[in-house]
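Have a look at the structure below before the remarks.
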Amino acid sequence: MTLKTRTAVVTGSTSGIGLAIARALAAEGANVVINGFGKIEDIERERLAIESEFSVEALYSPADMTRPAEIAAMIAEAETTFGSVDILVNNAGIQFVSPVEDFPIEKWDQIIAINLSSAFHAMRAAVPGMKTRGWGRIISTASAHSKVASPFKSAYVAAKHGIDGLTKTIALEVAQHGVTVNCISPGYVWTPLVENQIPETMTARGLTREQVINDVLLQAQPTKQFVTPEEVGAFVVFLCSDAAKQITGANLSIDGGWTAG
Ligand code: NAD
């Protein structure tokens, strides 16, 4: 229970990787703020499961990551409720797959807002408290697509490369305040985000479902296995440990070797 006195805010944690990260931090004793969309009864079930399984407190924030004022209010509510935000995980993200000439302008704006700008707004709100207390961990879920591109994902790849630059910048700003800032770059993790892009990729590339899974997704990953959400959760727990206090400004891959090639 290495995080017993800590509070973590994990954006986009009603599903997939974010939920696994929130559960992994709670398993180490952190109180958590979960955030994201979904059926309210499903979210409440997950929130109660975290509280009962790990004997921590879990708060749900419905803040929309396209709205800067709601992001700032989420951080403020967490600080009021728990006394601090010690760990911020910028994880909310969406995907859209289309050739650039057909890429809807509103999808571009939405992806930049959720996958990139929300991390800026959340860091902007959380950093002052971390600096005052002299301890903090900021981890953003980037992607292998923060290091390399794939066709038809212009907004996503641009946003994730932006997370890499934002991470380095804030890491330098807070380096002497006990606050580390890193991003993690998963390869393909089997979550609704990946499952939902299969039909779009079938259309964009003229492939079957099996061809998309084996020839597009796992093609990129030398291990030929999906990363699991739990493996990403364990990685975040390590970055929150004292052993990781000299790891900052880094973009750390967990991608089955994808970006080694
Ligand atoms: P997911 O679809 O399972 O979860 C996305 C989460 O973000 C959900 O909780 C959803 O409600 C939330 N969300 C979406 N729009 C939001 C908004 N406007 N405001 C607040 N919350 C919002 O997806 P996932 O695969 O778990 O992805 C999580 C993160 O991991 C994303 O940033 C994604 O880009 C990144 N990632 C995923 C993979 C993968 O293969 N699944 C690989 C690399 C990086």
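Keep in mind the model is a prediction, meaning the values are calculated, not measured. One-based numbering, in listed order, for ligands and for the atoms of each.
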Does [X] come within less than 4.0 Å of [Y], counting only side-chain N to carboxylate O?
X    : Y    : result
R47  : E51  : yes
K160 : D164 : no
R45  : D42  : yes

Report task. Enumerate the residue pairs fulfilling ring pair (Phe, Tyr, Trp, His ring centres under 6.0 Å) with a member in residues 66-96, sequence neighbours excluded, ordered by first and then second residue. Result -> F96-F103
Query raised in the report: What pairs with T228 under side chain to side chain contact (heavy atoms under 4.5 Å, CB included), at least two apart in sequence or on another chain?
Result: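 E230, E231.
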**Report entry** Residue shell around ligand 1, heavy atom under 4.0 angstrom
**Finding:**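 Answer by chain and number: G12, S13, T14, S15, G16, I17, N35, G36, F37, A63, D64, M65, N91, A92, G93, I94, I114, T141, A142, S143, Y156, K160, P186, G187, Y188, V189, T191, P192, L193, V194.
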Query raised in the report: Does any pair with a residue in residues 197-216 pass salt bridge (Lys or Arg N to Asp or Glu O under 4.0 Å), and if so which ones, sequence neighbours excluded?
Result: none
